[in-house]
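Data block below; observations after.
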Amino acid sequence: MGGSVINTNLFSLRHTFESGQPLTFFADYNRSRNAISYQEGNSMFDIKMVGSAEKGRLVLNAGKADGVRRRFRLDDDMQGIYGRINTDPFMDRAIRRYSGMRLTVNDPWETTLVFIISQLNNLKRIRLITRNIIERFGTPIKDEDGRVVARSFPTSEDLMEATEKELRECNAGFRDKYIRSAAEYCTNNLDLYRLRGKSYHALKEELMTISGVGDKVADCIALMGYGRLEAFPIDVWVKRTLERIYFKGRKRPVKQLHRFVDERFGDMKGYAQQYIFWGGRMMA
DNA sequence: ACCCAGGCGGGCG
DNA sequence: CGCCCGCATGGG
């Protein structure tokens with residue numbers, strides 16, 4: 001069952017959960033309990049955070065500790081990462097305010113689906129659509145009495161049976177065809193789980209062969225589905241924030257922004273992006 | 001009414 | 001290559 005405890009340094013369950021990453025679209029976070037629960041495969045996770053973000057502990061009522069360590073990147077050296085990306089007053093402020101916010105490690109297919117849904121969309125609707133799809137196509141998980149207590153995230157194979165009409169009913173909108181096509185393609189043509197060893201650029205190239213996955217979404221998948229910290233997805237928020245903080249509010253082509261962050265944040269770009277994304281939204 | 005959201009594919013020059 | 005357009009849907 002559970003019962004285990006993980007000691008944490010510079011980890012905030014709340015900021016991690018509220019920062020718009022794939023897990024946050026289907027896990028349930030209770031702010032007053034400072035606890036989350038979610039389904040992963042056949043296992044249920046129920047995790048409560050105690051103590052401060054600087055030094056705290058995670059109490060697992062359900063779920064395995066090693067999986068939690070990996071999912072929340074608890075072995076990352078945040079002190080070192082902050083030292084690397086805290087390059088200016090804006091970053092300093094974002095790091096202070098969201099101290100302990102981690103990148104999460106998510107399943108490649110889940111991440112792919114979520115970020116296909118994310119295009120031209122907002123966090124609230126991404127969450128709605130994701131939940132609808134899980135509810136409709138996820139495999140039911142039952143208790144001893146046969147009652148459905150949860151549903152697992154639908155695999156690509158599960159989603160091959162989804163019609164465009166059904167996906168529209170999940171509020172997917174024009175993304176229905178991308179979802180269908182990705183489900184089939186990732187079942188029959190591209191095994192996402194075999195891409196883990198590839199270089200960042202090779203990985204991106206493979207991901208972009210999926211219809212509905214372009215440069216930005218591929219970066220999101222690389223970062224949050226494969227843990228590639230070299231990835232720096234630039235969405236409208238990140239673009240605006242970079243321009244505001246580093247270019248006096250002048251519009252800059254995405255290509256130039258990529259060169260800028262490559263130089264500035266180096267191999268910790270991915271973490272920098274998460275703080276710029278969330279800090280830029282919340283501290284505008 | 002209009003604009004926007006963790007963009008992408010396709011068509012055109 | 002780059003540019004421009006349409007795309008569903010709900011909220012401000």
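The structure presented is a predicted model; accordingly, all values stated were derived computationally and were not measured. Proteins get letters first, then strands, A, B, ... in listed order; numbering begins at 1 in each.
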In whole angstroms, the gap separating C1' of C/dT9 from CD1 of A/Ile129 amounts to 8 Å

A/Leu128 atom CG is separated from C/dG10 atom P, nearest whole Å, by 8 Å

Here the distance between atom C1' of C/dC3 and atom NZ of A/Lys255, to the nearest Å, is 14 Å

Please assess A/Ile221 against A/Tyr226 for the test side-chain contact (heavy atoms from CB on, under 4.5 Å), listing each intermediate value before the final yes or no. CA-CA 7 Å; A/Ile221 302 169; A/Tyr226 293 86; 3.7 Å; yes

Is the distance between the ring centroids of A/Tyr82 and A/Tyr275 under 6.0 Å? yes

Salt bridge check, A/Lys255 against A/Asp215: does any charged N sit closer than 4.0 Å to a carboxylate O? no

| What is the nucleic acid contact for A/Arg240, judged by heavy atoms within less than 4.0 Å: base, sugar-phosphate only, or nothing? | sugar-phosphate

Between CG of A/Leu120 and P of C/dG6 the distance, given in whole Å, is 13 Å

>> Does C/dA8 have its OP1 or OP2 closer than 4.0 Å to a side-chain nitrogen or oxygen of A/Asn121?
In response: no

inquiry  = If I pick the P atom on C/dA8 and the same atom on B/dG11, what distance separates them, to the nearest angstrom?
reply    = 16 Å

Query - Over 12 foreign heavy atoms within 6.0 Å of CZ, A/Arg244 - result: yes

Partner of A/Tyr29 under ring pair (Phe, Tyr, Trp, His ring centres under 6.0 Å), picked from A/Tyr38, A/Phe45, A/Phe17, is A/Phe17

Is it the case that A/Gln21 and A/Ser19 place a side-chain donor and acceptor less than 3.5 Å from each other? yes

Checking C/dA8, C/dG10, C/dG2 against the side chain of A/Asn122 (C-beta onward), the nearest is C/dG10

Out of C/dG10, C/dG2, C/dC7, minimum distance to the side chain of A/Asn171 belongs to C/dG10

Next item on the list: Would you mind checking if A/Glu135 and A/Arg151 are paired as a salt bridge, meaning a charged N to carboxylate O distance below 4.0 Å?
Entry: yes

Closest of C/dG11, B/dG7, B/dA5 to the A/Lys124 side chain is C/dG11

Whether each nucleotide of nucleotides 8-13 of chain B has a protein heavy atom under 4.0 Å at its base (B), only at its sugar-phosphate (S) or at neither (-) is summarised, 5' to 3', as SS----

With a 4.0 Å cut-off on heavy atoms, is A/Glu164 in touch with a base, just the backbone sugar-phosphate, or nothing at all? nothing

### Query
Rounding to the closest angstrom, what is the interatomic distance between B/dC8 and C/dG11 at atom C1'?
23 Å

Which part of the nucleic acid, if any, lies within contact of A/Arg175, taking any heavy atom under 4.0 Å across all strands shown: a base, the sugar-phosphate backbone alone, or nothing? base

- Message: Using OP1 and OP2 only, check whether a side-chain N or O of A/Arg168 sits under 4.0 Å from C/dA8.
- Response: yes

Rounded to whole Å, CD1 of A/Ile179 lies from P of C/dT9 at a distance of 12 Å

